[in-house]
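Report on the following structure.
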2 protein chains.
Amino acid sequence: MRIEAAPARDSDDLIELLFFAYRDFVGDPDRILAEYGFGRAHHRVLHFVDRYPGLTIAELLDILRITKQSLNRVLKDLIDQGYVEQRTGTSDRRQRLLFCTPTGRSLTADLTRVQVRRVARAIEEPAEAEGRNGREARIASAQGFLLAMIEPGDRPAVRRLMARRAGMRA
Amino acid sequence: MRIEAAPARDSDDLIELLFFAYRDFVGDPDRILAEYGFGRAHHRVLHFVDRYPGLTIAELLDILRITKQSLNRVLKDLIDQGYVEQRTGTSDRRQRLLFCTPTGRSLTADLTRVQVRRVARAIEEPAEAEGRNGREARIASAQGFLLAMIEPGDRPAVRRLMARRAGMRA
DNA sequence: CCAGATAAGTCAGTGTTGTTGACATATCTC
DNA sequence: GAGATATGTCAACAACACTGACTTATCTGG
């Protein structure tokens, strides 16, 4: 696969592979979403609300990096059709805490399933040029690379967010 | 021995990290593109035409997975504004071979620069949990993971495409 | 307690990028 | 020369992002 050790060259290849990987990665759930009349924007909301129940609007906006108006359009769809519900915040009653309904969790599970399948396969595969590293090492590598791709200033927020899950279902 | 629970969890994290990584990965060039009145679609065309000079319309459509009409809109912008040029195919005169003009190469280089910076940094960083693997191993890991994320049936096409570069500039 | 900040919702308009469907033209292949 | 193929184009439409302006409810500090 790799021909030369020029850093820019390796990065070029990674840039291109990231494009192809992401293209196929979002392609899977797209087919399911189409059956429901939803799009990728709906998927992203479902994913984060499902994974981090009680997320506020502001937090979701910060994660997705879209405007309030853009979020509201898809969020409204999901709420009106019973996939997501809002509860008034307890400590701050201005906040709207977001939760998936059972229907929403079920749809999200379907979407997650196809993506997990692809990712799990990518981890499980031999990966030819990869020497004697084990499965665990491959997971750590992939996570390390992707995390390092995130804007350094944003990494603490991502870590903090993902750490929430540790405390969840004990 | 259920091979279900734990891997799904790791995959879940990878799915989320891929979202964040891609979000920031495309965010860099977006800022530059905005100065030219271009969008991501223009970037993708520039990238592939720059990297694989002489690409045909059909090949580009297959890479980008969009319709001819979608491609044409952005391609027309790039041609009209002198970033890309078309030459009639030599063996098959129906084909239009695409090439970047010097201006196009220059813009693409600017776009590539910011993405290379991010990727190179991601490779260069310590990556804490990653044990004693070297830089070379991290590159191989990342490439292996991303390639394995691509739809298996499409991998040969991707390999074939990327192999073109090997023969290019010596 | 009230003034100002903050969280969220909404209306209206716009732009990019994707889609379908229909059709035109040039060129190749048999 | 007939039919397939590569490309280009017109028109309509949808998803999803944006800006800007404004409202409502609620919190917080002086």
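Reminder, nothing fancy here: chain letters follow the sequence lines and each chain counts from 1. If you're wondering where the values come from, they're calculated on a predicted model, not measured in any experiment.
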Check: Taking CG from A:Asp92 and P from C:dA8, how many angstroms apart are they, rounded to a whole number?
Finding: 8 Å
Check: For the pair made of CG in A:Leu61 and C1' in C:dG9, what is the distance, rounded to whole Å?
Finding: 12 Å
Item checked: Donor-acceptor contact below 3.5 Å, side chain B:Arg93 vs main chain B:Ser91 -> no
Next item on the list: Output yes when at least one side-chain N/O atom of A:Gln95 is less than 4.0 Å from OP1 or OP2 of D:dA25, else no.
Entry: no
Check: Whole Å only: how far is the CZ atom of A:Arg93 from the P atom of D:dT26?
Finding: 5 Å
Margin query: Below the 4.0 Å mark, does C:dG18 have OP1 or OP2 next to a side-chain nitrogen or oxygen of B:Thr67?
Written below: no
Checklist line | Nearest-angstrom distance from the residue atom CZ of A:Arg94 to P of C:dA5 | finding: 13 Å
Next item on the list: Scan A:Lys76 against the nucleic acid and name what it touches under 4.0 Å (heavy atoms): base, sugar-phosphate only, or nothing.
Entry: sugar-phosphate
Notebook entry, point to check: Using a cut-off of less than 4.0 Å, is there contact between a side-chain N or O of B:Ser70 and OP1 or OP2 of C:dT17?
Noted result: no
Next item on the list: Send over the distance from B:Ile57 CD1 to C:dA26 P, rounded to a whole Å.
Entry: 17 Å
Note to self: Of the options D:dT26, D:dA17, C:dT10, whose atoms approach the side-chain atoms of A:Arg73 most closely?
What the structure shows: D:dA17
Next item on the list: Starting at atom CG of B:Leu71, determine the distance to atom C1' of C:dT16, rounded to an integer number of angstrom.
Entry: 15 Å
Check: Is A:Gln69 side chain donor-acceptor paired with the D:dG20 base, going by distance under 3.5 Å alone?
Finding: yes
Next item on the list: Verify whether the ring centers belonging to B:Phe99 and B:Phe48 lie closer than 6.0 Å.
Entry: no
Margin query: Starting the side chain at C-beta, find the nucleotide from D:dG8, C:dG21, D:dA17 nearest to B:Arg96.
Written below: D:dG8
Next item on the list: Take the protein atom CG of B:Asn72 and the nucleotide atom P of D:dT9, then report the distance between them rounded to whole Å.
Entry: 6 Å
Check: Contact class for B:Glu59 (heavy atom, under 4.0 Å): base, sugar-phosphate, or nothing?
Finding: nothing
Check: To the nearest Å, how far apart are A:Leu97 CG and C:dA7 C1'?
Finding: 11 Å
Next item on the list: Look at the side chain of B:Arg44 and decide which nucleotide, out of D:dA17, C:dT10, C:dT17, has an atom nearest to it.
Entry: C:dT17
Item checked: Sub-4.5 Å side-chain heavy-atom contact between A:Arg9 and B:Arg165 -> yes
Margin query: Here's a test of your reading of the structure: between A:Ala41 and A:Ser91, which maps to the more 5' nucleotide of DNA chain D?
Written below: A:Ala41
Margin query: For the aromatic rings, using the six-membered ring if either is Trp, is the centroid distance between B:Phe38 and B:Tyr83 under 6.0 Å?
Written below: yes
Check: Is there a side-chain contact between A:Arg87 and A:Arg96 (heavy atoms, below 4.5 Å)?
Finding: no
Check: Between B:His42 and C:dT16, is there a side-chain N or O to OP1/OP2 distance below 4.0 Å?
Finding: no
